[in-house]
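Inspection log for the structure reproduced underneath, given as structure tokens.
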Amino acid sequence: MADPKGFLTTGREVAETRPVEERVSDWNEVYKPGSLLPIISKQAGRCMDCGIPFCHNGCPLGNLIPEWNDYAYREDWTEASERLHATNNFPEFTGRLCPAPCESACVLGINQPAVTIKNVEVTIIDKAWETGDVTPQPPDRLSGKTVAVIGSGPAGLAAAQQLTRAGHTVAVYERADRIGGLLRYGIPEFKMEKRHINLRIEQMRAEGTKFRTEVEIGRDIDAPKLRRRYDAVVIAAGSTTARDLPVPGRELSGIHQAMEYLPLSNKVQEGDFVSSPISAEGKHVVVIGGGDTGADCVGTAHRQGAASVTQLEIMAKPGEERSPNQPWPTFPMLYKVTSAHEEGGERLYSVSTTHFEGDEDGNVQWLHMIEVEFKDGKLEQKPGTERKIPAQLVTLAMGFTGIDRENGLVEQFGLELDERGNVARDADFATNVPGVYVAGDAGRGQSLIVWAIAEGRSAARGVDRFLTGVSSLPAPIRPTDRALTV
């Protein structure tokens, strides 16, 4: 145990953000550089090294959290990095983007603020990059087997890195022009600067992983042809079919899916555009959807100079503390104020969009809504609560419904889908097509980054065993595992 009295003598401190007026004028990460290092050792010392560490249950990767907390407390950053990488290929991603279900399951969190696990994690990995503790790990020998990975999000990258290190020759196919999937084009720069992805890609290249961009399997290369070319295939194409809003006026100009809007601002940061083709500058912006993607749209609109930003959520406003039906150590639904919400805007709960209204040129101008409530398990409208708000740019951030069915990948492979529209798989993450495996949101459905990495690692074990008959690669989860909820 790092500090036997740490949880009694030290209060919780989290990463310090830059002032709002400063950060909305740029696209850099919102946190003050270096602000964690002076406090993080004491924060790590709050970990009680529990006999049964429930943080392990909260994290699907099985991160060895008490162990690297102990090393961080002692400022042994090399050993902390080794323990961190033992279970997680990309802690700089999860340390910035994961909602930290491990903290919800922290035993200290029963009656005190939980350990700042996520902040400790990101400090360890940033220090590791700074000191050169992150190095390529090429295999000692090659197996002579080849694997194609479709998709370069966290699941695809994790599977590719594991299989490369196992000695297989791996090529990652990405339909976008750069590697990273939604990490690259779905996550705004202010949440994670893309230099972190670039560092990992260079590490993976040095280990032997090959990357093929602007190649869409199903369109540019037929799926059967790909299967014949490689000994095994991993489908990690994500759950990219966005949920739409079929209400009158949806066809008006100025209404976009979040994944039409967000990637363009990232492309500006990459130097592809001077300004975004879909910009919030000077406009009244409405974001439909109260989740993390909606918050990303809010923060992006602020930086583009929106006249106003309103975020709508059909569900009721969550509480700020655990409700009795969401007890520890489950991941609770709580009211969250993200960095984007700190920057301004209005959040409306228990409202549903009825229709859009446009001008004579077909541009959206108004959003009409009505208040809703749950009665007898059904969502009902409340008569007399109709109103409209100005809306010159609307983004739909209502989640995703499954893997892309339009590019031909599913049909060409002949993949079976489950009842939720995800690619069906067995206990080894294998599909109904011999030698074809599935990992991440394509098989699980829309989920968290930490689950995607766990899926990639687990599917890699199934592929390795298929290719060689045996595997020593770790498999932290089963396809049927789900988050700890009630």
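All residue numbers refer to positions in the sequence shown, counting from 1. Note that the structure is predicted; figures quoted are calculated from it, not measured.
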Ignoring hydrogens and geometry beyond distance, is a side-chain donor-acceptor pair present between Arg178 and Tyr185 at under 3.5 Å? yes
Judged by modelled atom types alone, do Glu75 and Ser41 share a side-chain donor-acceptor pair under 3.5 Å? yes
Within the supplied structure, the quantity of interest is the number of heavy atoms (other residues, nucleotides, ligands) at a distance under 6.0 Å from Lys210 NZ; does it exceed 12? no
Sequence neighbours excluded, which residues qualify as ring-ring contact (aromatic ring centres under 6.0 Å, His included) partners of Phe90? Phe93
Is a side-chain N or O of Ser458 found less than 3.5 angstrom from the main chain of Ile477, in a donor-acceptor match? yes
Mark yes or no for whether Trp328, through its side chain, and Cys106, through its backbone, hold a donor-acceptor pair below 3.5 Å. yes
Can a salt bridge be assigned to the pair Lys336 and Asp292 using a cut-off of 4.0 Å between side-chain N and carboxylate O? yes
Just by distance, do the side chain of His302 and the backbone of Gly299 share a donor-acceptor pair under 3.5 Å? no
Whether the Thr94 and Glu121 side chains hold a donor-acceptor pair (N or O, under 3.5 Å, no angle test) is what I'd like checked. yes
Does Lys42 form a salt bridge (charged side-chain N to carboxylate O under 4.0 Å, His left out) with Asp3? I'd like the steps, not just the answer. CA-CA 8 Å; Lys42 281 192 172 183; Asp3 182 356; over 6 Å; no
Backbone N or O of Ile403 within a donor-acceptor pair of the Thr241 side chain at under 3.5 Å? yes
Ion pair Glu270/Lys194, N-O distance below 4.0 Å: no
Within the 3.5 Å criterion, strictly below it, is a donor on Asn88 or Arg83 matched to an acceptor on the partner's side chain? no
Step through the shown structure and confirm whether more than 12 heavy atoms of other residues, nucleotides or ligands are within 6.0 Å of CZ on Arg420. no
Are the charged groups of Asp464 and Arg165 less than 4.0 angstrom apart, N to O? no
Is the backbone N or O of Thr10 less than 3.5 Å from a side-chain atom of Arg46, with the two atoms forming a donor-acceptor pair by type? yes
Donor + acceptor pair across side chains of Glu174, Ser152 (<3.5 Å): yes
Salt bridge or not between Glu189 and Arg303? Use side-chain N to carboxylate O under 4.0 Å. no
Okay, side chain of Glu16, backbone of Lys32: is any donor-acceptor separation there less than 3.5 Å? no
Do the side chain of Glu455 and the main chain of Ala439 share a donor and acceptor less than 3.5 angstrom apart? no
With under 30° as parallel and over 60° as perpendicular, where do the rings of Phe190 and Trp27 fit, or are they tilted in between? tilted
To the nearest 0.5 Å, atom CD of Glu281 lies from atom OG of Ser276 at 11.0 Å
Quick one: pull up CG in Leu312 and CD1 in Ile314 and give me the separation to the nearest 0.5 Å. 10.0 Å
To the nearest 0.5 angstrom, please state how far the OG1 atom of Thr116 sits from the CZ atom of Arg12. 6.0 Å
Taking His284 for the side chain and Leu393 for the main chain, is one N or O donor matched with an acceptor at less than 3.5 Å? no
May I ask you to check whether over 12 heavy atoms, not counting those of Glu406, lie within 6.0 Å of atom CD? no
Quick one: do the Gln161 and Gln203 side chains pair a donor with an acceptor below 3.5 Å? yes
Glu313 versus Arg347: any side-chain heavy-atom pair under 4.5 Å? no
Can His196 and Glu29 be counted as having a side-chain donor-acceptor contact under 3.5 angstrom? yes
Other residues, nucleotides, ligands: >12 heavy atoms within 6.0 Å of Tyr31 OH: no
Gly421 backbone acceptor or donor facing Asp418 side chain under 3.5 Å: yes
So, Arg212 and Asp220, do they make that salt bridge, N to O below 4.0 Å? no
Check: Arg184 side chain, Ala176 main-chain N or O, donor-acceptor pair, under 3.5 Å: no
Other residues, nucleotides and ligands only: do more than 12 of their heavy atoms fall within 6.0 Å of CZ on Arg219? yes
